[in-house]
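Working notes, structure below.
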Amino acid sequence: MIDKALLLKTRELSDRLIALQTPIRILDAINWDKSVKEEFFRQKCQKNPLVDRAYYQQRDLGFVPSDLRQAFSDLNRNIISQLGQLNPIAQYMSKMCTEYKTVLSMLEYRGTPEFHDLSVELFGHPKDLFHAGEPSLSELANMLELPLKNLLSADILPDDPKNIDADEAVKILAEQVKLSMPGIDVEVMISDGIVSDAAAGANNIKLNQDVKFSQRELDILEVHEGWIHVGTTQNGLAQPYLTCLSKGTPSSTVTQEGLAVLTEIITLKSTPRRLAKLVNRIQAVTKVIDGAEFVDIYRDYVAQGLSKDESYTLAQRVFRGSTATGLPFTKDIAYIKGFVLVYNLIRVAIQLGRIDQLPLLLVGKISIDDFRLISQLHDLGVIESPKFVPPHFKDLRGLATWLSFGRFIGNLSFEQLENDYKPLFL
């Protein structure tokens with residue numbers, strides 16, 4: 001166990017880290033305002049939006065990046081000098097300080113090629129490999145595309161009707177999370193300041209006031225935004241010492257989104273169209289890296305049958321922080337990348353008989369890379385077990401069985417299976 005005085009010092013340093021991080025709002029700093037969209041449609045969607053470095057520089061971040069970066073450096077020095085550089089607590093918080101400094105540099109470089117480079121450093125690149133000789137993330141996305149296209153083109157799994165307006169959706173979703181997240185007070189509210197359909201805060205889920213929802217979409221939001229994003233934030237806030245677990249760095253974003261997507265799938269809430277949307281995000285980022293501009297991505301989405309509004313919103317996700325002819329913001333690869341990483345971690349845990357450790361994924365907003373360190377800190381009594389655990393992690397028997405059987409099935413030759421069963425469908 002760790003000395004009590006050291007734990008109290010940990011709490012003090014952790015709270016300082018949270019205070020320094022609080023004003024940083026990456027998406028608020030890089031999203032395009034409504035005037036950009038209005039001008040794009042005034043130009044009949046034929047010209048790239050006029051967004052450059054000057055556009056971003058005129059937007060107040062609410063802090064001076066160089067000053068805040070120095071503050072993180074000073075805090076990092078305090079962490080090491082007061083806890084010791086070999087202390088696992090210091091190693092974890094020091095990494096967080098370093099990542100936030102990189103985030104600040106990325107925000108300083110909005111509208112320049114360096115923004116993309118720092119984005120890649122934080123979130124990854126679609127052409128990265130998990131292992132040598134294996135498909136890249138973009139290649140995996142392409143492999144997923146064909147079966148999804150077959151499912152969607154067959155029209156045998158129609159989308160649920162989007163017939164619930166935002167006001168009614170708030171009431172329905174609030175009741176759902178109240179029942180499934182006992183002990184956590186989650187506020188569901190309307191927002192006009194988000195680009196996506198919904199977003200999670202520390203203790204709330206915001207719904208876009210201009211969007212209509214289906215019941216299926218609300219079910220997805222319950223498990224994705226509620227169980228995972230709000231749940232892990234609240235678990236982090238409940239930590240007695242390492243309170244900074246409530247704040248996610250970009251590397252933890254990859255794990256968070258992967259865990260959320262895995263939860264959608266395990267709970268049977270997700271749909272082929274939902275997965276296709278995540279695949280399209282990787283493909284869009286890849287196309288921009290290969291030279292596509294904003295109008296190209298916008299037209300791709302329109303050609304897929306999406307509305308003009310949705311096509312603009314999805315295209316803007318790729319270029320936020322950059323320019324309409326620049327390199328992309330790579331955060332959108334996090335969903336599938338994170339899914340692969342989390343899925344493989346769970347498979348290995350089952351193989352090693354260590355599935356009991358998996359709830360540690362929920363102690364806060366952690367990264368897969370830090371899982372061993374988190375386990376060590378849990379064993380030392382620095383980190384407590386998560387207070388809120390979603391149903392599929394409370395009873396791990398079903399999850400273990402599902403993944404074990406999936407591993408067995410995965411060893412069978414799909415080519416041979418297709419030859420055996422395809423005639424049955426002709």
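- Distance check, rounded to the nearest 0.5 Å: OG of Ser105 to CD of Glu121 gives 8.5 Å.
- Residues Gln239 and Ser246 bring no donor and acceptor atom of their side chains to less than 3.5 Å of each other.
- In this structure, Leu314 and Asn280 have side chains that are not in contact, with every pair of non-hydrogen atoms separated by 4.5 Å or more.
- In the model, Asp74 has a side-chain atom that pairs as donor or acceptor with a side-chain atom of Gln70 under 3.5 Å.
- Under the 3.5 Å distance criterion, the side-chain polar atoms of Ser322 are left unmatched by any main-chain donor or acceptor of Phe319.
- A side-chain donor from one of Asn76 and Ser94 sits under 3.5 Å from a side-chain acceptor of the other.
- Contact check on Asp296 versus Lys287 returns no salt bridge, with no Lys/Arg side-chain nitrogen under 4.0 Å from an Asp/Glu carboxylate oxygen.
- Nearest approach of Ala169 to Ile164, heavy atoms of both residues: N-CG2, 3.5 Å.
- Not a single donor-acceptor pair under 3.5 Å links the side chain of Arg16 to the backbone N or O of Leu75.
- Lys277 and Glu310 are joined by a salt bridge, as a carboxylate oxygen and a charged side-chain nitrogen come within less than 4.0 angstrom of each other.
- A salt bridge is absent between Asp185 and Lys178; no separation between the charged side-chain nitrogens and carboxylate oxygens falls under 4.0 Å.
- Of the possible polar contacts, one joining the Arg110 side chain to the Ala29 backbone as a donor-acceptor pair under 3.5 Å is found.
- Between the His116 side chain and the Pro328 main chain, a donor and an acceptor come within less than 3.5 Å of each other.
- Between the side chain of Arg25 and the backbone N or O of Thr22 there is at least one donor-acceptor pair closer than 3.5 Å.
- Using a 4.0 Å cut-off between charged nitrogen and carboxylate oxygen, Asp165 and Lys212 do not count as a salt-bridge pair.
- The only member of Thr255, Thr249, Thr253 that meets side-chain hydrogen bond (donor to acceptor under 3.5 Å, both in side chains) when paired with Ser251 is Thr249.
- Taking the six-membered ring where the residue is Trp, Tyr100 and Phe72 present parallel rings, their angle staying beneath 30° rather than reaching 60°.
- Side-chain atoms of Thr313 come within 3.5 Å of backbone atoms of Asp309 as a donor-acceptor pair (strictly under, hydrogens ignored).
- For the residue pair Glu145 and Gln283, a side-chain donor N or O sits within less than 3.5 Å of a side-chain acceptor on the partner.
- Counted by atom type alone, Gln215 and Gln176 present one or more donor-acceptor pairs between their side chains at under 3.5 Å.
- A salt bridge links Glu108 and Arg69; the closest N-O separation between the charged side-chain nitrogens and carboxylate oxygens is under 4.0 Å.
- Of the possible polar contacts, one joining the Asn48 side chain to the Val295 backbone as a donor-acceptor pair under 3.5 Å is found.
- Between the side chain of Asp128 and the backbone N or O of His125, at least one donor-acceptor pair lies under 3.5 Å.
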Start with the C-alpha distance between Glu293 and Thr325, add both sets of side-chain angles, then the distance that settles side-chain hydrogen bond (donor to acceptor under 3.5 Å, both in side chains), and finish with yes or no.
CA-CA 5 Å; Glu293 299 179 358; Thr325 58; 5.5 Å; no
Stepwise, does the side-chain hydrogen bond (donor to acceptor under 3.5 Å, both in side chains) test hold for Glu384 with His378?
CA-CA 6 Å; Glu384 290 187 351; His378 180 260; over 6 Å; no
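- When each of His392, His224, Lys269 is tested with Thr263 by the rule side chain to side chain contact (heavy atoms under 4.5 Å, CB included), just one qualifies, namely His392.
- Using a cutoff of 4.0 Å between basic side-chain nitrogens and carboxylate oxygens, Lys171 and Asp167 are not scored as salt-bridged.
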Test side-chain hydrogen bond (donor to acceptor under 3.5 Å, both in side chains) on Ser119 and Thr330; report intermediate values, then the result.
CA-CA 6 Å; Ser119 166; Thr330 61; 2.8 Å; yes
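- Between Phe329 and Phe115, the two ring planes are tilted [angle within 30° to 60°].
- No side-chain N or O of Ser367 forms a donor-acceptor pair with one of Ser252 less than 3.5 Å apart.
- Put simply, the residue from Asn203, Asn204, Val170 that forms a side chain to side chain contact (heavy atoms under 4.5 Å, CB included) with Glu187 is Asn204.
- Ring-plane geometry between Phe40 and Tyr312 is classed as tilted, the angle between the planes lying from 30 to 60 degrees on a 0 to 90 degree scale.
- Between the Glu175 side chain and the Ile172 main chain, no donor and acceptor come within less than 3.5 Å of each other.
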Show your reasoning for whether side-chain hydrogen bond (donor to acceptor under 3.5 Å, both in side chains) applies to Glu222 and Ser180.
CA-CA 9 Å; Glu222 177 190 2; Ser180 64; 2.7 Å; yes
For Lys162 and Asp160: C-alpha separation, side-chain torsions, deciding distance, then whether salt bridge (Lys or Arg N to Asp or Glu O under 4.0 Å) applies.
CA-CA 6 Å; Lys162 295 190 176 191; Asp160 296 344; over 6 Å; no
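- A donor-acceptor pair under 3.5 Å is absent between the side-chain atoms of Tyr241 and the main chain of Leu8, judged by distance alone.
- Between Lys127 and Asp290 there is a salt bridge, with a side-chain nitrogen of the basic residue lying less than 4.0 Å from a carboxylate oxygen of the acidic one.
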Trace of the salt bridge (Lys or Arg N to Asp or Glu O under 4.0 Å) decision for Asp33 with Arg59:
CA-CA 10 Å; Asp33 61 40; Arg59 302 179 66 180; 5.5 Å; no
